[in-house]
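Down below is the structure, laid out as structure tokens.
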Amino acid sequence: MAIPSDRLPMVDGEASLATRAAWLYFAAGLTQSEVADRLNIQSTKAHRLIARASREGMIRVFVEGPVAECVALENTLVERYGLAFCRVAPDLGEGELPLRALALEGASFLRQNLERGEDKIIGVGHGRTLAAVVEQLPQTPARSVQFVSLLGGLTRKFAANPFDVIHRLAERTGAEAYLLPVPVFANSVADRAVLMKQFGIAEVFALARKASLLFVGIGQIHAEGFLVSSGMIRPDEVVELKRAGACADLLGHFFNANGELLDIDLSARATSMEGADLRKHRIVAIGGGLAKVTALRAVLRSGLLHGLIIDEVTAQALATDKLEATSGKGKNNKTKNKRQKGSKRA
């Protein structure tokens, strides 16, 4: 199902003036007095407009210079897991869930990707972290790009995913965006087959397979995790997943601690592309928080990832994992991927 491509938000004249004042002040480096002269308004009004722009979230700040400690961690993770690139967000002291740090780094990555314009079809997952990324993304016109959901966006109660990102991307970029209005997990494998053949769904699915970039989150298997809290799976299914050895989720597919993709019923019912199809795509994952170290390590060991965006504290935990460093997993993934290395800050 397509979302109209002309969904950039409507703004009134005063809001437009506030945006222009903020741009002149923060981007062009003018003083408030110079802003007032440029816009032919009083200095007090210029001050008020700039304050409004800041208060209403019109301003997104990106600091592009590399941080030495983060670059060292990026190099370590790239070498250990055979990644093409890694971006480590500096620690902001947020505690267990470094959502703002991840969102800022993820938004910077996505903005740069859209400005380069190399990926014309971008597949996106959903979840709390990706939603935070889009919230930090400034208005970035990308009308030549198509965004497509990589898995269903409804819970089993047929409620909309509370952390939907596809609509927000359409609003931020003006790009065409396509969603899958089906549950994340069908009730049975047979039901999934029926859903995937429905009018419009098959076309969206085909578009997802053509995506040159998949931007996804990584989930952990926990009774209070996102999959359960959002109503996508039941608590008893978490018990079944743990019994099968699952510790990580990526697009409805589950991995054990060794990075092996598990062949289980729940994955077969996921309204996303097949596990074998994942290896045909360039996948960039974003995730962090010490609670996700096991899940992140599992997906990294799978060799599926092209790139990773992670926070500094979690990256440090993975980088100092002595057991991992001596297990040979990283070398195996590096050989398996055979990827041509790109820029570490790609």
Side-chain angles (χ1 to χ4, degrees), residues 63-110 112 127-130 132-133 215-222 225 246-250 255-260 282-346:
V63 181
E64 302 292 359
V67 178
E69 295 85 355
C70 292
V71 171
L73 289 170
E74 290 168 358
N75 292 337
T76 297
L77 296 182
V78 162
E79 290 300 317
R80 180 169 295 181
Y81 294 105
L83 299 169
F85 76 91
C86 179
R87 295 178 65 150
V88 174
D91 179 29
L92 300 180
E94 297 175 86
E96 295 182 1
L97 183 61
L99 201 57
R100 180 169 174 77
L102 289 170
L104 288 168
E105 195 67 46
S108 175
F109 163 78
L110 186 55
Q112 291 169 1
R128 182 165 41 188
T129 304
L130 286 172
V133 167
F215 192 32
V216 303
I218 294 175
Q220 63 189 83
I221 310 305
H222 192 276
C247 65
D249 155 57
L250 187 148
F255 301 79
N256 65 19
N258 293 324
E260 297 166 337
R282 182 167 130 256
I283 302 176
V284 175
I286 182 169
L290 291 177
K292 280 194 176 181
V293 167
T294 299
L296 288 163
R297 185 191 300 116
V299 176
L300 283 165
R301 285 177 170 180
S302 75
L304 284 172
L305 298 187
H306 176 86
L308 175 68
I309 301 171
I310 190 172
D311 67 285
E312 185 176 2
V313 173
T314 310
Q316 185 68 43
L318 287 170
T320 56
D321 186 340
K322 294 181 180 180
L323 178 62
E324 175 73 6
T326 58
S327 68
K329 292 291 181 182
K331 291 183 179 180
N332 289 340
N333 284 341
K334 189 175 181 180
T335 301
K336 179 166 55 178
N337 292 342
K338 294 182 180 179
R339 294 191 178 104
Q340 184 177 9
K341 295 292 186 291
S343 168
K344 299 300 186 294
R345 301 291 296 183

Q: For residues Lys292 and Thr314, determine if any side-chain heavy atom of one lies less than 4.5 Å from a side-chain heavy atom of the other.
A: no

Q: Taking all non-hydrogen atoms of both residues into account, name the closest pair between Glu105 and Pro90 and its distance.
A: OE1-CD, 4.2 Å

Q.
Show the nearest heavy-atom pair for residues Glu94 and Leu99, with the distance to one decimal.
A. OE1-N, 3.5 Å

Q) Closest approach of Ala295 and Cys247, non-hydrogen atoms and distance? A) CB-O, 3.4 Å

Q: Apply side-chain contact (heavy atoms from CB on, under 4.5 Å) to the pair Val88 and Asp311, showing each step before the final yes or no.
A: CA-CA 5 Å; Val88 174; Asp311 67 285; over 6 Å; no

**Q.** Arg297 side, atom CZ; Arg80 side, atom CZ - distance, nearest 0.5 Å
**A.** 9.5 Å

Q | From CA spacing to verdict: side-chain contact (heavy atoms from CB on, under 4.5 Å), Leu97, Arg128 | A | CA-CA 11 Å; Leu97 183 61; Arg128 182 165 41 188; 4.0 Å; yes

Q: Mind checking the CG-CG spacing from Leu300 to Leu83? Nearest 0.5 Å is all I need.
A: 6.0 Å

Q.
Can a donor-acceptor pair be found, under 3.5 Å and without considering hydrogens, that links the side chain of Arg301 to the backbone of Ala257?
A. yes

Q) Is there side-chain contact between Arg87 and Ser108, with at least one heavy-atom pair below 4.5 Å? A) yes

(Q) Going by salt bridge (Lys or Arg N to Asp or Glu O under 4.0 Å), name the residues that satisfy it together with Arg100, two or more places apart in sequence or in a different chain. (A) none

Q.
With a 4.5 Å cut-off on side-chain heavy atoms, are Thr294 and Gln220 touching?
A. no

Q) How far apart are the closest heavy atoms of Val133 and Phe215, and which atoms are they? A) CG1-CE2, 4.2 Å

Q: With Ile309 as reference, evaluate Leu110, Thr129, Ile286 under the side chain to side chain contact (heavy atoms under 4.5 Å, CB included) test and give the passing residue.
A: Ile286

Q | Shortest non-hydrogen separation from Leu290 to Ala317 and the atoms involved | A | CD2-CB, 3.9 Å

(Q) Quick check against the 3.5 Å criterion: does Asn258 have a side-chain atom that pairs as donor or acceptor with the backbone of Glu260? (A) no

Q: To the nearest 0.5 angstrom, please state how far the CD1 atom of Ile218 sits from the CG atom of Leu296.
A: 5.0 Å

Q) Are Leu73 and Glu312 close enough that some pair of their side-chain heavy atoms sits under 4.5 Å apart? A) yes

(Q) So Tyr81 and Leu318, do their side chains get closer than 4.5 Å, heavy atoms only? (A) yes

Q.
Quick check: do Leu308 and Val284 have side-chain heavy atoms less than 4.5 Å from each other?
A. no

Q: Identify the two heavy atoms, one from Thr76 and one from Ala319, that lie closest to each other, and give their separation to 0.1 Å.
A: CG2-CB, 3.9 Å

(Q) Pair Ile283, Val216 - check side-chain contact (heavy atoms from CB on, under 4.5 Å), show working. (A) CA-CA 7 Å; Ile283 302 176; Val216 303; 3.8 Å; yes

Q) Would a 4.5 Å heavy-atom cut-off, applied to side chains only, mark Phe255 and Asp249 as touching? A) no

**Q.** Close side-chain approach of Val313 and Pro98, heavy atoms under 4.5 Å
**A.** no

Q. Nearest 0.5 Å, what's the CG-SG distance between Leu305 and Cys86?
A. 10.0 Å

